[in-house]
Amino acid sequence: MDETAIRRALTRIAHEILEKNKGVDNCMLIGIRTRGIYLARRVAQRIHEIESVPVPVGELDITSYRDDRVKAPSVESVKTGEPLAIQDRKIILFDDVLYTGRTVRAAMDALIDQGRPQMIQLAVLIDRGHRELPIRPDYVGKNVPTSKMERIEVLLEEIDKKDKVALYAKGGKRK
């Protein structure tokens with residue numbers, strides 16, 4: 001995907017969120033660090049352009065909730081250091097790539113520790129398949145069937161200085 005394809009996918013996701021939720025009343029977009037937060041901010045901006053309504057955006061650090069890494073109990077679950085006001089809200093959780101589902105599971109654990117949302121929806125830029133957990137996205141920018149021997153790289157302007165999604169073979173060659 002190039003910059004234009006990413007922009008179109010995020011605009012489509014913004015419209016789908018508005019349609020499914022009949023607006024954005026009581027909604028909050030939360031991005032999983034690192035790239036998910038930038039996707040959430042971009043979609044919030046698109047929704048604001050479409051509906052002229054601001055949507056709150058939060059950032060979630062799931063490092064201490066991962067089951068595949070050493071736990072770091074001193075790491076806060078929210079970058080701002082203050083709890084997210086998620087109680088009884090519709091949460092739209094953003095991540096760049098959905099693969100096994102373990103990141104999303106960790107994010108849901110982190111969210112539940114902050115309160116009890118009314119519902120949690122999932123938005124991803126890329127769904128590559130190979131789920132290990134029964135997790136499915138509500139909003140998908142692009143489905144990219146991959147083998148386990150391939151990897152997806154998402155680059156975003158905010159941190160990588162360009163927007164691009166690329167598929168690589170295990171050895172690093174671009175496909």
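Atom set for the values below is all heavy atoms of this structure, side chains included, hydrogens, waters and symmetry mates excluded. Computed from a prediction, not measured in an experiment: that's the story for all the values here.
R41 pairs by the salt bridge (charged side-chain N to carboxylate O under 4.0 Å, His left out) definition with E59, not counting sequence neighbours. With sequence neighbours excluded, no residue satisfies salt bridge (charged side-chain N to carboxylate O under 4.0 Å, His left out) with K164. Shown here are the salt bridge (charged side-chain N to carboxylate O under 4.0 Å, His left out) partners of R105, two or more places apart in sequence or in another chain: D67, D109. Every residue two or more places apart in sequence or in another chain that forms a ring pair (Phe, Tyr, Trp, His ring centres under 6.0 Å) with Y99 is listed here: H130. Take E157 and apply the salt bridge (charged side-chain N to carboxylate O under 4.0 Å, His left out) test, not counting sequence neighbours, and it matches no residue.
Side-chain contact check for P54 versus V24: every heavy-atom pair is 4.5 Å or farther apart. Residues R46 and I13 are not in side-chain contact: their nearest non-hydrogen atoms beyond the backbone lie 4.5 Å or more apart. No side-chain heavy atom of L98 sits less than 4.5 Å from a side-chain heavy atom of R136. Contact annotation: the side chain of Y65 approaches that of D113 to within less than 4.5 Å [non-hydrogen atoms, C-beta and beyond]. The side-chain heavy atoms of L60 and L93, taken from C-beta on, include a pair separated by under 4.5 Å. Contact annotation: the side chain of P56 approaches that of R89 to within less than 4.5 Å [non-hydrogen atoms, C-beta and beyond].
One hydrophobic cluster holds both V57 and L39 under the rule that ILVMFWY side chains link at heavy-atom gaps under 4.5 Å. Cluster membership for L18 and M119, using ILVMFWY side-chain heavy atoms within less than 4.5 angstrom, is not shared. Put simply, F94 and L155 are part of two different groups of oily side chains (I, L, V, M, F, W, Y) that touch within less than 4.5 Å, one to the next.
A distance-only check finds a donor-acceptor pair linking the side chain of R131 to the backbone of I135 [under 3.5 Å]. Looking only at distances, no side-chain donor or acceptor of D96 sits under 3.5 Å from a matching main-chain atom of L125. Side chain of Q87 to backbone of R116: a donor-acceptor contact under 3.5 angstrom is found. Judged purely by atom type and a 3.5 angstrom limit, D95 has no side-chain atom pairing as donor or acceptor with the backbone of V124. Listed for the R128 side chain is a donor-acceptor partner under 3.5 Å among the backbone atoms of S147. Using a distance-only test at 3.5 Å, with no hydrogens or angles considered, no donor-acceptor pair links the side chain of T100 to the main chain of E132. Judged by distance alone, the side chain of N21 and the main-chain N or O of G23 form no donor-acceptor pair under 3.5 Å. Using modelled atom types, one side-chain atom of R12 and one backbone atom of V140 make a donor-acceptor pair closer than 3.5 Å.
Taken from CG in N143 to CG in D127, the straight-line distance is 5.0 Å, to the nearest 0.5 Å. For the atom pair NZ (K90) and CG (D88), the distance works out to 12.0 Å, reported to the nearest 0.5 Å. Within the model, atoms CD of E153 and CD1 of I126 stand 12.0 Å from one another, a figure rounded to the nearest 0.5 Å. A distance of 6.5 Å separates CG of L111 from CD1 of I91, quoted to the nearest 0.5 Å. Atom CZ of R151 is separated from atom OG1 of T146 by 12.0 Å, given to the nearest 0.5 angstrom. Atom CG in L167 sits 4.5 Å away from atom CD1 in I152 (nearest 0.5 Å).
Listed here is the closest heavy atom pair of L29 and A40: CD1-O, 3.5 Å.
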Run the side-chain contact (heavy atoms from CB on, under 4.5 Å) check on I17 and V55 step by step: do they pass?
CA-CA 12 Å; I17 288 169; V55 183; over 6 Å; no

Apply side-chain contact (heavy atoms from CB on, under 4.5 Å) to the pair V165 and K142, showing each step before the final yes or no.
CA-CA 10 Å; V165 176; K142 186 172 182 75; over 6 Å; no

side-chain contact (heavy atoms from CB on, under 4.5 Å) for R35 and V97? Distances and angles first, verdict last.
CA-CA 9 Å; R35 286 169 178 78; V97 178; over 6 Å; no

Decide yes or no on side-chain contact (heavy atoms from CB on, under 4.5 Å) for V53 and I47, but give the supporting numbers first.
CA-CA 7 Å; V53 176; I47 289 172; 5.5 Å; no

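Atom CD of E19 has 12 or fewer neighbouring heavy atoms from other residues, nucleotides or ligands inside a 6.0 Å radius.
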Return a table of donor-acceptor pairs under 3.5 angstrom between the side chains of residues 1-10 and protein atoms on other chains or two or more places apart.
residue: D2; atom: OD1; partner: T4; partner atom: N; Å: 3.3
residue: D2; atom: OD1; partner: A5; partner atom: N; Å: 2.9

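Using modelled atom types and a 3.5 Å distance limit, the side chains of T103 and R66 yield a donor-acceptor pair.
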